[in-house]
Amino acid sequence: MDTQNTSASEKSDFVRDIVAADLREGRIGEVVTRFPPEPNGYLHIGHAKSICLNFGIAAEFSGRCHLRFDDTNPIKEEQEYIDAIMADVRWLGFDWGEHLYYASDYFEQLYEWAVYLIGEGKAYVDDLSADEIREYRGTLTEPGKESPWRTRSAEENLDLFERMRSGEFPDGSRVLRAKIDMASGNINFRDPVMYRILHSTHPRTGDAWCIYPSYDFAHGESDAIEGITHSICTLEFQDHRPLYDWFIANLPVPSTPHQYEFARLNLTHTVLSKRVLLRLVKEGYVRGWDDPRMPTLTGIRRRGFPAEGIRDFAAMIGVARADSVVEIEMLEHAVRNVLNRTALRRFAVLDPLKVVIENYPDDQTEEMDVINNPEDPSAGTRKVPFSRELWIERGDFMEDPPKKFFRLAPGREVRLRSAYFITCNEVVKDAKGRVIELRCTYDPATRGGAAPDERKPKATLHWLSAAHAVPAEVRLYDHLFASPFPGSDGRELFDDLNPDSETVLRDCLVEAALGDAGIGETVQFERLGYFCVDPESASGALVFNRTLTLKDSWAKIRAQITT
RNA sequence: UGGGGCGUAGCCAAGCGGCAAGGCAGGGGACUUUGGCUCCUCGAUCCGUAGGUUCGAAUCCUACCGCCCCAGCCA
């Protein structure tokens, strides 16, 4: 099958091919990669693809992978994000060991290299305003023009740059630029900004600096300092690669890293944009970064998606250079695949309907043995109490069933899982005609759920003893966005939010055994789906999140019938 | 109209001159004390299009078409 067979050794993609060749042909002695998040938000499933790639390659080729925070813009970055990112990477199952770094660790070195470039006549302080710089840059089809400050002497540049550092100038008044080529077809070569003045407190360096290096000047140099061999990033940085190489070639850096780009992950029915995710949180569309509907790793975790499922998913989708949108069903498949193997089965009734077994003794209770996980015999069995009054799922009964409905109906016999066969004799309704109770009889000879005469009901239902069931709140989750491509075809992105992405059910009932399930624990409510204990859950006030439904062929049939 | 990329089934993706892997989704069937799981089974005479090279091409060449990224003192 899929993930089982996709062992690390046989997994291959163009990046791994390059690494393998570099190792084989001796261009590098050891592979060193890095995952370089900017701490300006929470990690999402798209980052997971990158994390799995970078840490995965390091593990497969016996190299190492660094965790490096790209913290060069104090205006957007916060310690909260740094802490959350580390927790998320660990949760995903990866370990950077001693190799935790920050671009801000290199600020002094970066400054020295900037001074070096000034000395070489390859960088200059520009007094143009941001607007002027934009005007001078030209357009995609017209070359830019050189700044009047481009020809300053090295001495003057050095003096100005030192004074920029010392805080003498206000934000935006000057920048340091690399002197490359204002007419280049590659706009990144039109004298890119290396340093800007930002009187802002940095989460790590505090107020030690008021000038901060730009991404282009900091990233490759940080890679070189750390001895990164393969600097793997997403496609939008392709145009920056020549600049990445230019800095490496023009600076006395200790190593020569190379950049490779792959296509970022896009998923249907969701959005993987830090900007949009931040809005969803800040504007209250969701409960927070860890809302179970969010594609963030913390949200996914709260939802009950196991890390192993995320890793399997990453292996399944591969790594390539073509823009693509992966159907979310693939992610869901990977998650179900893991949960099917690992989740203990439990009984829960989300929309209860009373069943009275008329021929069952009023004062009797039996302990039925129920298998915990048919996929894993070592998970054993448990006792579930059975008595005269039961709850079943309202959707498991129909008074006037269509042809393909196999469940309970008047006069029909079904199996109650691991208990008895029951037959519905009478339907009790309230004044409004709503079904409120089913009067049934059971067959004592079918104890455990099997008949001596081999008779086989067409349906098996889950159930709960009314006297023993425990109340619970269950939150049903569905795709955050109703459209597979949110905001496409000119629609407003937020208009595509799924109004039914969260449904809170407050009158659910679960097995008493679930009372001691720990926060985060995921179980399968038989025939319904996978559910996990939400952090807001407490004994006496249980709260479950629906991770995913089980695949449901009846739902498809029902949908066909009703249309 | 400048520069950089990408185009293989509904979706993801192998393939690197010898004649189209695999997975997801979907259809059909078997099994079933979860309408779950599992297991069988069906899908590109064709690889954006058109030419060309070759005994032979998705793989090489040429042209064209389409889509994505770049004009932050964001990353």
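Residue numbers start from 1 in every chain, and the chains themselves are labelled A, B, ... in the order their sequence lines are given, proteins ahead of strands. What you see below is based on every heavy atom in this structure, not just the backbone, and it leaves out hydrogens, waters and symmetry mates.
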Separation of atom [atom1] in [X] from atom [atom2] in [N], rounded to whole Å:
| X | N | atom1 | atom2 | result |
| --- | --- | --- | --- | --- |
| A:E329 | B:A13 | CD | P | 16 Å |
| A:I328 | B:C12 | CD1 | P | 15 Å |
| A:D312 | B:G22 | CG | C1' | 15 Å |

Completion exercise
Per atom distances to the A:V326 side chain, the nearest of B:C37, B:C12, B:A14 is B:C12
Fill in the blank from the handout: Comparing A:T139 with A:Y215, nearest RNA chain B nucleotide closer to 5' gives the residue A:T139
Under 3.5 Å between N/O atoms: give me all the protein pairs with nucleotides 26-28 of chain B, atom names plus distance.
| from | atom 1 | to | atom 2 | distance (Å) |
| --- | --- | --- | --- | --- |
| B:G26 | OP1 | A:K556 | NZ | 2.6 |

Problem - Touch class at under 4.0 angstrom, heavy-atom based, for A:P36 against every strand present - result: nothing
Handout entry: Ring centres under 6.0 angstrom apart (A:F107, A:Y212)
Key = yes
Problem - Side-chain donor/acceptor contact of A:Q524 with base of B:U34 under 3.5 Å - result: yes
Is there any protein nitrogen or oxygen under 3.5 Å from a nitrogen or oxygen in nucleotides 46-49 of chain B, and what are the pairs?
none

Problem - Cation-pi check, A:R345 onto A:F531 ring (under 6.0 Å, within 45° of axis) - result: no
Handout entry: Lys/Arg cation over aromatic A:F525: A:R346, 6.0 Å, 45° cone
Key = no
